[in-house]
Each structure stands twice: as C-alpha cells, then as structure tokens.
Peer 1: 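Encoded as structure tokens, here's the structure I'll be asking about.
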Amino acid sequence: DDRKIINIVEVAGDSYTHESALSVYTGACTPVGWYVHEWMWHNNPEPVHERADIVAYFYRSGNEEFCREFLKTYDIDYIFVGPAEVCKYPVNRNGFWNLGDICCETIWQDCDLALIKVDRSRL
C-alpha cells in the first residue's frame, strides 16, 4: 500500500464539536485531537494536556524556530488555520506562515484563514 499518512496541525478540540474537524472527518493524524477521547485512549489526561499546550503555543507564539521544530517533531504535512483556531487561540501567524505554501486562503472576521502545505526545504 503506497498511501501516505497525512499529519496536520489544527486546534486541540472538545469532543463532538467542529474542533479538530480535519482529523476527525478525514482520518488524518494530528498531535492532539478531541481532548477527552485522547485522554481516555491514554488513560491519563496529563500527556494530552501537555500536547494541547504545545499546539496552543504553536499557534500563539510567533516563534519561527519553535514552529520549525514542532513541524519536524510531529512530521506535519499541513497547517490549518480555520475559524476554530482563530476563535480558540490568538493566532500569531509569524511563526509558521512562511514555512509552507498556501493551498487556499480566505478572510474571516478580519483574520487570515488558510491551509498551508509544509515545505520541508524551509524547515
């Protein structure tokens, strides 16, 4: 089977919401998905809480070096910035916006929304 697993970063979500929608609806992997589901799979909320904090820092920090290492560590193929990310985090795109190619982009509530394909040569 030549299919590649796709890894995306998106909001760490609450169960049965549209948060973490890409991974939930497509089967793509993400560093942390629906919080309670992850907690129950791991039988421990602490590692899930730590990952959720790391994902939040990825979106909030504006720290390009941190974002590069995050993308490498989790082998991320796509960065998603949608309404859930914008609503949950004060997204600072400076850390990751230039680390890939914009697949699609739009404006929502004066915020840039995008699906970014990570360019490994920029990491």
Peer 1: Taking only residues two or more places apart in sequence or in another chain, which ones pass side chain to side chain contact (heavy atoms under 4.5 Å, CB included) with Arg93?
Peer 2: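 Counting only residues at least two positions away or on another chain, Arg93 forms a side chain to side chain contact (heavy atoms under 4.5 Å, CB included) with Phe96, Trp97, Glu105, Asp112.
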
Peer 1: Dump the intermediate steps for side-chain contact (heavy atoms from CB on, under 4.5 Å) on Val118 and Leu123, then the final yes or no.
Peer 2: CA-CA 9 Å; Val118 173; Leu123 302 181; 3.9 Å; yes

Peer 1: What donor-acceptor contacts under 3.5 angstrom involve side-chain atoms of residues 22-29, with partners at least two apart or in another chain?
Peer 2:
from	atom 1	to	atom 2	distance (Å)
Ser23	OG	Glu10	OE2	2.6
Ser23	OG	Ser20	O	3.1
Thr26	OG1	Leu22	O	2.4
Thr26	OG1	Ala28	N	3.1

Peer 1: Kindly compute the distance separating NZ (Lys72) from CZ (Arg68), expressed to the nearest 0.5 Å.
Peer 2: 7.5 Å

Peer 1: Look at the side chain of Asp119 and the backbone N and O of Leu99, then say whether any donor-acceptor pair between them is shorter than 3.5 Å.
Peer 2: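 No: the side chain of Asp119 does not pair with the backbone of Leu99.
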
Peer 1: Could you pull out the closest heavy-atom pair between Pro31 and Val55, with the gap in Å?
Peer 2: CB-CG2, 4.1 Å

Peer 1: With a 4.5 Å cut-off on side-chain heavy-atom distances among I, L, V, M, F, W and Y, is there a chain of contacts connecting Tyr78 to Phe80?
Peer 2: yes

Peer 1: Kindly indicate whether the side chain of Cys67, heavy atoms from C-beta on, has any atom under 4.5 Å from the side chain of Ile79.
Peer 2: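 No. Closest side-chain heavy atoms not under 4.5 Å.
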
Peer 1: So, using side chain to side chain contact (heavy atoms under 4.5 Å, CB included) as the criterion, who are the partners of Pro47 when residues are at least two apart?
Peer 2: Asn44

Peer 1: Partners of Tyr74 by side chain to side chain donor-acceptor pair (under 3.5 Å), sequence neighbours excluded?
Peer 2: Arg51

Peer 1: Does Ile8 reach the side chain of Ile76, with side-chain heavy atoms less than 4.5 Å apart?
Peer 2: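 Not in contact.
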
Peer 1: Going through the distances and angles, do Asp77 and Arg120 end up as a salt bridge (charged side-chain N to carboxylate O under 4.0 Å, His left out)?
Peer 2: CA-CA 9 Å; Asp77 300 299; Arg120 302 248 177 251; 3.2 Å; yes

Peer 1: Is there a side-chain contact between Leu113 and Pro83 (heavy atoms, below 4.5 Å)?
Peer 2: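 Touching, per the 4.5 Å side-chain cut-off.
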
Peer 1: Taking side-chain contact (heavy atoms from CB on, under 4.5 Å) as the criterion, tell me which of Tyr57, Tyr59, Phe58 meets it with Ser61.
Peer 2: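 It is Tyr57; the other options fail the test.
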
Peer 1: Do the side chains of Val91 and Leu115 join up, straight or via other hydrophobic residues, at under 4.5 Å, putting them in one cluster?
Peer 2: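 Each belongs to a different hydrophobic cluster.
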
Peer 1: What is the distance from atom NZ of Lys117 to atom CD1 of Ile6, rounded to the nearest 0.5 Å?
Peer 2: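 These two atoms lie 8.0 Å from each other.
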
Peer 1: What salt bridge (charged side-chain N to carboxylate O under 4.0 Å, His left out) pairs are there with at least one residue in residues 78-88, not counting sequence neighbours?
Peer 2: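 Found Glu19-Lys88.
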
Peer 1: A side-chain contact here means heavy atoms from C-beta on lying under 4.5 Å apart; do Phe66 and Ile54 qualify?
Peer 2: yes

Peer 1: Between Arg60 (side chain only) and Asn92 (backbone N and O only), is there a donor and an acceptor less than 3.5 Å apart?
Peer 2: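 Looks like no, no N/O pair under 3.5 Å.
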
Peer 1: In chain order, what residues pass the salt bridge (Lys or Arg N to Asp or Glu O under 4.0 Å) check against Glu50, with sequence neighbours excluded?
Peer 2: none

